[in-house]
Amino acid sequence: MIRLLLALGAISACSIAGAAVLWDQPYDGASEAALSQTMSDAPTLSTYEFDDFEVGSLGWRIAQIRIRGREGISPPGDPTHNVTVRFRIQSAANAVFPGTVFAQFDSASSYEGPDLLFGGLDIELAPGTYWLTASVDRPLVPGGQWFWLRTAATQNGLEHRFHNPGGGYGFGTDPIPGSTVFGDASDLSFRIEGAIVPEPTALTGLMLGVGWLVRRKAR
């Protein structure tokens, strides 16, 4: 009985511990990047980007998220002025009223220039559609700007959303499709790694099988 229960525990652990690519939108090497940054000294220019992703019929356990980015050129981006970098998984593409927030992470050490790399995560998501946003918090002067790479090569779900709550760029203060700003529909470049959560019915069946064997041995 003890051996059987230990084996069951090993099966459950292995099914959620293996890191695999769950979602990937590589940079196409050509698309213009999009500013995604909180700027305390220029709040009307603070801008946030969002993109959707789909968790299929089985849930996910997320271990790592990589946001592909680049530093600004004029003025040059300087990550030594980062206050924090962050990501958030939520139900809506909105920085002000984000709807349901499923996960949020802030860290000063998750910058892997010019990407943002969030590792050591343990986030469980049920099947459904989610919006991912990520940004750098740093002053415009002297920190410069950080941009999230866009990609027109992969179109998964809806195009990305642009949100400038302060309205400094003249596009209003509500989230809008990225094509309104950049002229072409595109996704943002990011990768999610982790594992698919075991199918509940399969795990329940295994538990019932163990119970049957234990009862048979007891008889």
Side-chain angles (χ1 to χ4, degrees), residues 8-27 34 36-38 47-69 79 82-137 146 148-151 154-163 175 187-204 206-207:
L8 176 61
I11 291 170
S12 177
C14 288
S15 63
I16 62 176
V21 176
L22 300 172
W23 191 273
D24 194 12
Q25 296 177 170
Y27 177 48
S36 196
Q37 183 173 335
T38 298
T47 304
Y48 308 96
E49 308 295 333
F50 301 81
D51 203 3
D52 62 329
F53 65 92
E54 183 79 22
V55 178
S57 59
L58 299 179
W60 288 358
R61 176 164 283 181
I62 297 174
Q64 179 169 286
I65 297 176
R66 178 180 291 275
I67 307 295
R68 300 184 178 98
N82 287 353
V83 177
T84 188
V85 298
R86 65 174 58 93
F87 79 84
R88 191 163 63 195
I89 296 172
Q90 56 194 54
S91 61
N94 194 315
V96 181
F97 304 106
T100 301
V101 176
F102 299 97
Q104 181 169 327
F105 188 82
D106 292 66
S107 169
S109 61
S110 293
Y111 179 89
E112 192 180 74
D115 293 353
L116 310 183
L117 181 62
F118 304 93
L121 306 175
D122 188 8
I123 301 168
E124 286 198 36
L125 293 180
T129 300
Y130 300 86
W131 288 88
L132 173 68
T133 183
S135 59
V136 168
D137 184 349
W146 180 87
W148 192 340
L149 293 176
R150 297 187 310 123
T151 176
T154 56
Q155 276 291 293
N156 296 313
L158 299 173
E159 63 172 297
H160 85 280
R161 294 292 189 266
F162 168 98
H163 191 194
D187 287 329
L188 299 170
S189 182
F190 63 93
R191 184 174 67 201
I192 300 175
E193 298 177 45
I196 295 175
V197 175
E199 198 168 3
T201 54
L203 194 56
T204 301
L206 188 56
M207 287 288 288

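Bear in mind that the values here come from a model prediction, so they are computed numbers and not experimental data. Side chains are part of it too, since the values below use all heavy atoms of this structure and drop only hydrogens, waters and symmetry mates. Residue numbers count from 1 along this sequence.
- At distances below 3.5 Å, at least one donor-acceptor pair connects side-chain atoms of Thr84 with backbone N or O atoms of Ser107.
- Contacts of Glu112 classified as salt bridge (charged side-chain N to carboxylate O under 4.0 Å, His left out), with partners at least two apart in sequence or in another chain: Arg66.
- Rounding to the nearest 0.5 Å gives a distance of 13.0 Å between CG of Leu149 and CZ of Phe190.
- Residue Glu193 holds its CD atom at 15.0 Å from CH2 of Trp23, rounded to the nearest 0.5 Å.
- In summary, of the residues considered (Asn82, Val136, Val85), a side-chain contact (heavy atoms from CB on, under 4.5 Å) with Trp146 occurs for Val136 alone.
- Minimum interatomic distance between Gly69 and Pro114 (heavy atoms only, all atoms of both residues): O-CG, 3.0 Å.
- Of the inter-residue distances, the one linking Trp131 atom CH2 with Gln90 atom CD reads 10.0 Å to the nearest 0.5 angstrom.
- The shortest distance between side-chain heavy atoms of Leu116 and Phe87 does not fall below 4.5 Å.
- Summarising the geometry of Ser36 relative to Ala134, their closest heavy-atom pair is OG-O, 2.6 Å, with the distance given to 0.1 Å.
- Taken to the nearest 0.5 Å, the CG atom of Leu125 stands 11.0 Å off from the CD atom of Glu54.
- Of the possible polar contacts, one joining the Asp51 side chain to the Leu188 backbone as a donor-acceptor pair under 3.5 Å is found.
- Ring pair Trp60/Tyr130: centre-to-centre distance not below 6.0 Å.
- Here the closest heavy-atom approach between residue Leu132 and residue Trp148 is recorded as O-CH2, 4.0 Å.
- Under the salt bridge (charged side-chain N to carboxylate O under 4.0 Å, His left out) criterion, Arg68 pairs with Asp24, sequence neighbours left out.
- Using a 4.5 Å heavy-atom cutoff, the side chains of Asp187 and Gln155 are in contact.
- Taking all atoms of both residues into account, the shortest heavy-atom contact from Pro127 to Gly56 is CB-O, 2.8 Å.
- Taking both residues in full, the closest heavy atoms of Glu49 and Thr133 are given as O-OG1, 2.9 Å, listed atom of the first, atom of the second, then distance.
- Taking CG of Asp52 as the start and CG of Asn156 as the end, the distance is 8.0 Å to the nearest 0.5 Å.
- Residues Val96 and His163 have side chains in contact (heavy-atom distance under 4.5 Å, counting atoms from C-beta outward).
- Of the inter-residue distances, the one linking Ser189 atom OG with His160 atom NE2 reads 12.0 Å to the nearest 0.5 angstrom.
- Across all non-hydrogen atoms, the minimal contact from Ile62 to Ile89 is CD1-CD1, 4.1 Å.
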